[in-house]
Asks: 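Mind having a look at this structure? Questions to follow.
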Amino acid sequence: MNNENGTLFAPSSGRTKEREKRRSPWWEVWRRLRRNKAAVAGMSVVILLVVVAVLAPVLAPYDPNQTNIKMRLQGPSSEHPLGTDNFGRDMLSRIIYGSRISLYVGFVAVGIGAVFGGILGAIGGYYGGRLDNFIMRCMDVLLAIPQIILAIAIVGALGTSLLNLMIAVGISQLPRYARVVRASALTVRGQEYVEAARAVGASDARIILENILPNCMAPIIVQSTLGVAQAILSAAALSFLGLGIQPPTAEWGSMLSSGRQFLRNAPYLTFFPGLAISVVVLALNIFGDGLRDSLDPKLRQ
Amino acid sequence: MLRYFLKRLMFLIPVLLGVSVVIFSIVHLAPGDPAEVMLGPSATQEEITNLREQLGLTKPLYVQYGIFLTNALKGDLGRSIKSNAPVVDEIMERFPATLTLAVLGMIFAIAIGLPLGILAALKQNTWVDALCSFFALVGFSIPNFWVGLMLMLLLSIYIPILPSSGFDSWKNFIMPTIVLGIQTMAVIARMTRSSMLEVIRQDYVRTARAKGISDRLVLTRHILGNVLIPVVTIAGIYFGHQLGGVVITETIFSIPGLGRLIVDAIRAQDYPVVQGGVLFFALCVGIVNLLVDLLYAVLDPRIKAQYRAAK
Amino acid sequence: MNKFRTAAVALVLVMAFCLPAMAAELRLAQVADVSSLDPHKVSDIYSANVIRQIYSNLVQVNENMEIVPDLAEKWENPDDLTWIFHLRKGVKFHNGEPFTAAAVKYSIERIKDPKTASPGATHLKEVASVEAVDDYTVKIVTKRPFAPMLMSLTRYETSILNEKAVTAAGADYGSKAAVGTGPFMFESWSRGDKVVLVKNPDYFRGPAAIDTVVYRGIPEDATRLVELESGGIDLIPGNFPYQEFANIEKNDKYLTYKVPAMSTLYMGLNTEVKPLGDKLVRQAMNYAVDKQAIVDAVYFGFAAPSKGPLSPVIWGFDPARKAAYPYNPDKARELLKQAGYADGFDMTIFSDNRTERRSAAELIQAYLAEVGIRAQIELMEWSALLSTSAKGIGGAFMLGWTGTGDADGGLTPVYHSANIGSSNRFRRKNEALDALLEKGTATLDQEARKKVYAEAQELIVEDCPLVFMISQELLGASTSKVKGFKLYPNMISPLYSVTLAE
Amino acid sequence: MNGPLLEVADLNVIYKTYEGTVAAVNGVEFSLEAGRTLGLVGESGAGKTTTALSIMGLVPSPPGIITSGSVNFAGKNLLSLSEKEMKKIRGNHISMIFQDPMTSLNPVVTVGVQISEALVAHQNLSEAEAEKKAMEMLEKVQIPGQRYREYPHEFSGGMRQRVVIAMALACNPGLIIADEPTTALDVTIQAQVLELMRSLKEEFSTAMIMITHDLGVVGEVCDHVAVMYAGRIVETGSLEQIFGNARHPYTLGLFRCIPDIEEETSKIRPIEGLMPDPLDLPSGCPFHPRCPQCMDLCRTVVPGVLDDGGHRVMCHLYGKGGAVHG
Amino acid sequence: MADLIKVENLVKYFPVAAGNVHAVDDVSFAIKEGETLGLVGESGCGKSTTGRLLIRLIEATSGRILYRGRDIASADKKTLHDMRKEMQIIFQDPFSSLDPRKSIGETIGKPLEIFGMGSKREREEMVDALMEKVGLSPRLFYKYPHELDGGRRQRVGIARALSLSPSFIVCDEPVSALDVSIQAQILNLLQELQETMKLTYLFVSHDLSVVKHISNRIAVMYLGKIVESSPSLELFSNTLHPYSQALLAAVPIPKLDRKRERFILSGGVPSPINPPSGCRFHTRCPWKMDICSREEPPLTDRGGGHFVACHKVK
């Protein structure tokens, strides 16, 4: 037998060797992403939105919840660029504050969906067999119920609140993360480097954590970006149906919903919140598309 | 092959069972009580208790579920608490509107989405592609309820040429079809484009081109046949999605469909209607998936062979 | 032969021209489709409207909410417990069956039968027995002197049904069949969409002027309005969007209707929740909210601040009453200080998602904030709100009350301590009030009753287990060709006298 | 016909990518007589496939651009033909066999249709006639004609490659370009397919360009050999000239890399170093960084071509060097 | 030299919908310490499965694997873990065998980390030494696989396998995905390492010339069975089994004037799900006799350690 403990490879003379700079695969992704003009534009809008959400108190010209009956239903003017609603609240301020809720809902709902869906998918994909089968059948059940109806039922059961809305949207998105992660876990599991890791004695937990999950990240990230967009849409749809956001919180979907009764006299009450949702979702989708292209190993060659 | 489909049909059973358990638990978990809704705010405790008993709501939940399940197996989904009409009748009376909408939406989505995707892929990296792709992306991103309201504003209020509610004439269907189909249209266009681009790169397309056959033949025979498979998959998935989307469309355009029935029932805690309606939706989704599988067999001989081989 | 042919052609032509004019069709849009046409099984106003056209009652209310004869031509009280009704003769059900006292007995007993589980049973809970003295005389005996009896019998829930029709249809009664003695007969119901009624040529007051009535359910305010404008419907009998009313009033293409409603909107307070048990706090809250602002903002002026627990159109309303608790934030702050809440407190307002209630809650929240009360709004499904508030909700709740049209129906269920746990959602026991309410029910002398109720109203305003809000107005509109439509305060307007002009 | 069937001169192809410009083919020149077989040998990335696609007019564009050169086939410069005219050549006068028989057949179209469509397109045959001819072609590649209506998935790998061969031969083209036709196959199947190709080539007297990385395959089927390295043909000549008297250090290196199965003990001597980065080709002779006989001259000057009785070498060792040929 | 590894009646079936895939069906062989056994055959013959079974990357259906006399086919988890230090594997595909999200240094150092050898710093230095050993510049420590060409990646794979200084390495087609010039470099490297580190190889390949070049003994597999096995040179000078002969004849040789008989098999390899009865090769065998489809020929010694499983060979 050879020398024990790998002493054959005695440490080479000191750390004199110069190494080339570390450039992680993410750097590569970023480089490709940067070249995609549309993706950069989408990302900029998303970043802008985050900035707006964070700086809402600074940016908003008025208190979003300050009612002023005398000033209600004023069309866009220099004083109120986007007009006022039926309580005389400034629409611009409400839309600015609304970005907070939309982003919050989007990210938390996706967080819920991605974490639980991802765990279920990774377990199913790595271990396979009956466990996988059971998990996937459960996902089938969730998929068989139209998303929005499932979400309505969940909100109905848990009660109307922002948190419950996020849970409902998260749960209804869960299957897609489970499926995406499972699919890539299945692919990764079959890769020789996973076999190699087992050959050098890595445990299941180590393989899942160090090999499977990092290599599933690309689809998870892409799916999550697009998922945030979808979650914002779903949450807005639920708010539109009158579920989820407590008044007087400024939220785009519920603003749109309550503006609807003034569709004839004050269409700007529905127009602007809808436009805001569209722009954000569009930006996220464009960014997600760009990210997908940058992460796609097929385009890497 | 028939056996394969019968088997697939059997696989629907556990899914439907799962759906019934999930939805039964969710609706019964909700606070509130259909008896109270029916009797209104003036009801006395006694009246509520009496009605609850009449409705069988005083029994333990598992017993209620058992009763529901045994009856459901006999094709009896119970009677609506609100209207006392058989749930099956309620569903069947509203299903045609929903089905019409969903099918029209799908036809719209395919009729617009498919050519759009093909065009974009054929003109890859030109302004035509950019325009088509952007159009699809916008269709994918704008909230459909907003589209509905804006269409209504434009076509019923500003230029009043289309009715804003009801479903009596073909005119009634134009706006709802667009609202319902727009997202699917976008998805199909995107899927068609990416699938086209993938197929175009395939060796067999290069082989076909190396044979010197016409571009039209390459497109129709060698590309489209293979493009359609993922497109059919996504269309199938979105058909189910559209069934959910009808909730919004039906609300905006006051169309008496299944989506609104279920949502109203959820809100009124009309348990039998919720359960029956959701189960029916799940069944539709299952059947559509099955049809998609059948379509695969038509489109792809490999899959057909698999079905044949499956026991 | 030739002549005959000419005549036939002429006839066809005349018919062709006349047909559209002859088949006068009235199309109405309500907020929702009906849920059932079995009067004993429903409790929603939209079904009630259709039921009102199909069925008759022993007695009815007119547009001033006064009791008038319907199937009963006259009635008397031989003693405090007995009601004798003399019925109209020669009345036929839509299925051809004659209307007799047996039908009355059957209908009342069906409502009272626990197996029916009728939401309307509450109105007849004091009835001890019904007896058909002869074919055209009915005797009803109550358990105790029950003054609101007549008002109860005007309710759509106590419509008179035909036993044969009910038995024949079985479980499908109300969805596939509905047989009454009213001016219109049930023709068809496409679920979720519309109900079609046709005129009853044998109606005992003579056939109605319009041939067909189509009730549609259009939940969206905007859509309903667009439909009226585009000619899709002729009439919106109530629930006209407030924000649009001023515009349409100006437009002479439309007729508008406006009456004070029987219903009131209030914010109930669970008096078991701290500090809402403190009367000073409750009064402070009443002073803190500017009700006129809610009238303006939410109802666009089509409402009035409440003068007490009853709407002015309810029988028994004390006309001497002034607005309860006019807006006075200083007084509110003072009262709060007095109660030991100078720094205010935190509370929750529960509401369902109906626009008016939610909007009112938002404004209330803003006004309460001005006196230091930090209220949070929590939206719930209607069913959850009903259920939770009956069991004792954790704060205030937005609710409306319509009652029966009689002061008893407007007060007893909501304020009598016997109803704590169900319809007394304030969970407030006031023995003096209980006594007054009981007395009001038992006093058959109407003038004496009014005094009792005036006292009760004062007591409630003073004790205020709720924040009084507004009494709203009912708004409706139609195209100008609709003639003779009257909007009733109870929102159940008969269409018998409506005609359609060319 | 006079002169060679195919004459490629000064062919240059680049690919424009985000990373930069890849010089895939650099001044390739060769010719091929009717009925003869040329082996185009080289390692991956040498530009073999791009050369083939250039002849077919199928260089994917974007990103590929043919910057200069001519491809004379039967007297016509293919590079100057319109797409429409090119379509008449493709599959009719020149056809191509791709590497992977698993992916070069359309999975949803029957093999019969895939064979007959070229016949319908080029030979004015009716569907029925084309079907009959296609069945004959199947028989020719030793597949029963009645399997005409089957789909590719019903055939094994070796059979699929035979279908592809039938497809390529259907119109009896003057030239077949076979791009690594047996690389994806097992050795015993490879032997079958090579044998089949050899006999069919005789029967149809078709010229062929055999693209391969396997010198053994070249030895089995080719008359002429061209060795490619980094987009250039570094050595070309008859089979005897190359196998018997290889001169370019790269060609020599290639032979030394392969373990000799017929010798008792074999020594292999690898070519040191790596293939050059196509984005950044070395100056001078592209092989110089790996060349054991590298001279100063090699580092700066692209060697010219020395022609010795048809045996052409592009190396400074054999010429005065300096001038780029042509 | 003693047998380092000895395999007895190794069987591996993969259950699929249509039955069992007979991937490896009753295979026995032994490898002497410091030697190389070449396992050759066409795709799907079970050679790679055999390699993986040997180091228990997949579990055998039945059979014994003796490593230095110890049965490791049934070793428990702990023993298995320790065994990893002794037995390693080099994979075929230099693309999929390296985790794209890990730098070269991490990949090579991972086994050391798992077995807790040295401090982080020491491990890094060991990795540097390993990299030099396999001809990689330690400058590449932080490079990621996608930045390297196939040959270098394969060197990374080799370095990873060597990091625990094993005695036995399964080389699963280590050069078949490489260009010829690189292939030669790797083959030489493997031989060099074998000499300096006294390694024992199981060399799995479909390429007869490569196998011949590197192996001491060669076993030819067909449809999950070893049909012939003999010392390397003997196999080429005295090929006995008809399949081996066909395989040998099929190899194209880059030489002029070769004198070889044409021997081309007809048809393809039958399905391993329901392999042919008797001798599995009988469906393609030019010498087929009646007995061949009925009885399975045993693998018997024809002298000098030359085993063959054929009814015809006497």
Side-chain angles (χ1 to χ4, degrees), chain D residues 41-46 142 155-159 182 184-196 212-221 225 229 239-240 242-245 250 253-275 277 290, chain E residues 40-45 135 148-152 175-189 191 206-214 222 232-233 236-237 243 245-260 262-271 284:
Chain D
V41 195
E43 295 178 275
S44 53
Q142 294 150 21
F155 294 84
S156 68
M159 284 175 114
T182 57
L185 304 175
D186 273 322
V187 264
T188 55
I189 308 298
Q190 167 174 301
Q192 291 171 3
V193 171
L194 286 179
E195 181 63 27
L196 178 73
T212 179
H213 66 273
D214 188 339
L215 283 169
V217 171
V218 173
E220 296 273 319
V221 288
V225 186
Y229 185 79
L239 187 72
E240 291 73 21
I242 302 295
F243 277 45
N245 182 26
Y250 176 64
L254 272 186
F255 279 105
R256 290 196 197 110
C257 280
I258 307 162
D260 192 329
I261 200 166
E262 291 182 334
E263 294 295 317
E264 290 252 319
T265 50
S266 64
K267 256 278 180 272
I268 51 172
R269 268 183 289 152
I271 306 172
E272 292 305 326
L274 304 166
M275 288 290 279
D277 181 355
R290 304 176 74 184
Chain E
V40 72
E42 292 179 285
S43 53
C45 70
L148 303 185
D149 60 279
R152 280 186 177 143
V175 295
S176 62
L178 305 174
D179 273 322
V180 274
S181 64
I182 308 299
Q183 172 178 323
Q185 295 174 359
I186 299 295
L187 283 176
N188 278 2
L189 173 67
Q191 280 184 320
H206 69 274
D207 189 334
L208 266 179
S209 44
V210 167
V211 168
K212 170 170 181 275
H213 175 74
I214 203 161
Y222 184 80
S232 193
L233 293 176
F236 285 84
S237 56
Y243 177 65
Q245 291 178 353
L247 210 54
L248 197 58
V251 178
I253 294 170
K255 275 185 174 180
L256 294 168
D257 315 316
R258 293 165 308 115
K259 296 203 172 46
R260 282 201 302 168
R262 288 243 171 277
F263 183 13
I264 294 176
L265 290 176
S266 60
V269 182
S271 160
R284 298 171 79 193

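Residue numbers begin at 1 in each chain, while the letters A, B, ... track the order of the sequences.
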Asks: Which bit of D/Phe255 comes within less than 4.5 Å of chain E, counting heavy atoms only: side chain, backbone, both or neither?
Replies: side chain

Asks: If you count heavy-atom pairs under 4.5 Å with chain E, which of D/Gly253, D/Ala191, D/Ser156 comes out on top?
Replies: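 Among the listed options, the one with the most contacts to chain E is D/Ala191.
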
Asks: Sort D/Leu254 into side chain, backbone, both or neither according to what part of it lies under 4.5 angstrom from a heavy atom of chain E.
Replies: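 Only the side chain of D/Leu254 comes within 4.5 Å of chain E.
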
Asks: With no hydrogens and no angle check, just 3.5 Å: does a side-chain donor-acceptor pair link E/Ser266 and D/Gln192?
Replies: no

Asks: Checking heavy atoms, do the side chain of D/Val187, its backbone, both or neither come under 4.5 Å from chain E?
Replies: both

Asks: Report the option among D/Met159, D/Glu240, D/Gln142 that has the most heavy-atom pairs separated by less than 4.5 Å from atoms of chain E.
Replies: D/Glu240

Asks: Please identify each residue that fulfils ring pair (Phe, Tyr, Trp, His ring centres under 6.0 Å) with E/Phe236, with sequence neighbours left out.
Replies: none

Asks: For the backbone of E/Tyr222 and the side chain of E/Glu42, can you confirm whether one donor and one acceptor N or O come within less than 3.5 Å of each other?
Replies: no

Asks: Ignoring hydrogens and angles, state whether a donor on the side chain of D/Asp214 or D/Thr212 is under 3.5 Å from an acceptor on the partner side chain.
Replies: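 No, no side-chain donor-acceptor contact under 3.5 Å.
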
Asks: State which residues pass side chain to side chain contact (heavy atoms under 4.5 Å, CB included) with E/Ser176; sequence neighbours excluded, sorted by chain then number.
Replies: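 E/Gln92, E/Glu173, E/His206.
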
Asks: Within the side chain of D/Asp186, is there an N or O that forms a donor-acceptor pair under 3.5 Å with the backbone of D/Thr188?
Replies: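 No; zero donor-acceptor contacts below 3.5 Å.
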
Asks: If you count heavy-atom pairs under 4.5 Å with chain E, which of D/Leu215, D/Leu274, D/Val217 comes out on top?
Replies: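 With the most close heavy-atom pairs to chain E, the winner is D/Leu274.
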
Asks: Which bit of D/Arg256 is near chain E, if near means a heavy-atom gap under 4.5 Å: side chain, backbone, both or neither?
Replies: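 Neither part; nothing is under 4.5 Å.
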
Asks: Which bit of D/Gln190 is near chain E, if near means a heavy-atom gap under 4.5 Å: side chain, backbone, both or neither?
Replies: side chain

